[in-house]
Asker: 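Attaching a single structure in structure tokens format; questions to follow.
Numbering of ligands and ligand atoms starts at 1, following listing order. All values below were derived from every heavy atom in this structure, side-chain atoms included, with hydrogens, water molecules and symmetry-related copies excluded.
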Amino acid sequence: MIKLSNVIKLYRLKSGNVKAVDSVNLQIEKGEIFGIIGYSGAGKSTLIRLLNGLEKPTSGSVNVAGRTIERINGRELRKARQEISMIFQHFNLLWSRTVRENIAFPLEIAGVKKNERLKRVDELIKLVGLEGREDAYPSQLSGGQKQRVGIARALANNPKVLLCDEATSALDPQTTDSILELLVDINKRLGLTIVLITHEMHVIRKICHRVAVMENGQIVEHGDVLNVFKNP
Ligand code: ADP
Ligand code: ADP
């Protein structure tokens, strides 16, 4: 589903160059929950932005869901972004719109007709367990509920890959667990490939099948979670 070959991302700054991603090779299979862990500044966000085409690699190749990300633009890139969806630490919801309207938003952009949109939104609300909160505004929701809206919105156009950028870092431990359980449920039910970046080891331990450890832009270790995190 995802293949990175010799990927380098260089930021040119006045103070010098930063290799945010340095010679990364990585393959993630369909249906996997794959974790990328590392300290702040390790290059995780840059890597995730390379996966959905928000950044282009300085060199190397990024393939996601059958597309070569660095070669596409315009319409093709917009289509890719529907297939490679994302959730965020601070949810990135539209604050003047209700739960239902937030979830419908990507469907409107994709040109889905109203009847179909309403049906799809109802399905998504059930999937993430937000029944009864359809007409609430984000400010009236708890952190966990906001992330459920984020997840429903991300799933609206049936993506092939879900990217999670520190998706539970703003939540308390109990809410974190409930969101992680929802992600596992979605992974099982839809066979969705999930890539998550985090600085929290317990998040990886709880739901990931495999993990890559990033340091200074490089993947310094990767493999099954049990092997990478085994106690000496
Ligand atoms: P992480 O997500 O692991 O905290 P980042 O990918 O945000 O790491 O950052 C990796 C390195 O790249 C850091 O040194 C950071 O300062 C640098 N960096 C990230 N984004 C930019 C950018 N847009 N311009 C310049 N430098 C950047
Ligand atoms: P939480 O209670 O989970 O911290 P908040 O409601 O405080 O969530 O908001 C989370 C993020 O959304 C913050 O970064 C905040 O600045 C931003 N935010 C909150 N309300 C609005 C708003 N009305 N318009 C734009 N951004 C907002």
Asker: Which residue pairs pass the side chain to side chain donor-acceptor pair (under 3.5 Å) test when at least one of the two sits in residues 126-138, sequence neighbours left out?
Answerer: none
Asker: Could you tell me whether the side chains of T68 and N63 share a donor-acceptor contact shorter than 3.5 Å?
Answerer: yes
Asker: For a distance cut-off of 3.5 Å, show me each N or O of ligand 1 paired with any protein N or O, plus the separation.
Answerer:
{"residue": "ligand 1", "atom": "2 (O)", "partner": "S45", "partner atom": "N", "Å": "2.8"}
{"residue": "ligand 1", "atom": "2 (O)", "partner": "S45", "partner atom": "OG", "Å": "2.4"}
{"residue": "ligand 1", "atom": "3 (O)", "partner": "A42", "partner atom": "N", "Å": "3.1"}
{"residue": "ligand 1", "atom": "3 (O)", "partner": "G43", "partner atom": "N", "Å": "3.0"}
{"residue": "ligand 1", "atom": "3 (O)", "partner": "K44", "partner atom": "N", "Å": "3.0"}
{"residue": "ligand 1", "atom": "3 (O)", "partner": "K44", "partner atom": "NZ", "Å": "2.9"}
{"residue": "ligand 1", "atom": "4 (O)", "partner": "G41", "partner atom": "N", "Å": "2.6"}
{"residue": "ligand 1", "atom": "6 (O)", "partner": "T46", "partner atom": "N", "Å": "3.0"}
{"residue": "ligand 1", "atom": "6 (O)", "partner": "T46", "partner atom": "OG1", "Å": "2.6"}
{"residue": "ligand 1", "atom": "8 (O)", "partner": "G43", "partner atom": "N", "Å": "3.0"}
{"residue": "ligand 1", "atom": "20 (N)", "partner": "R49", "partner atom": "NH2", "Å": "3.4"}

Asker: Listed by chain and number, what are the salt bridge (Lys or Arg N to Asp or Glu O under 4.0 Å) partners of R12, not counting sequence neighbours?
Answerer: none
Asker: Would you say the side-chain atoms of K146 and N92 include a donor-acceptor pair closer than 3.5 Å?
Answerer: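 The answer is no; no qualifying pair exists.
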Asker: Quick one: do the E70 and S61 side chains pair a donor with an acceptor below 3.5 Å?
Answerer: yes
Asker: Share the residues that join L94 in a hydrophobic cluster, the rule being Ile, Leu, Val, Met, Phe, Trp or Tyr side chains under 4.5 Å apart at the heavy-atom level.
Answerer: F105, I109
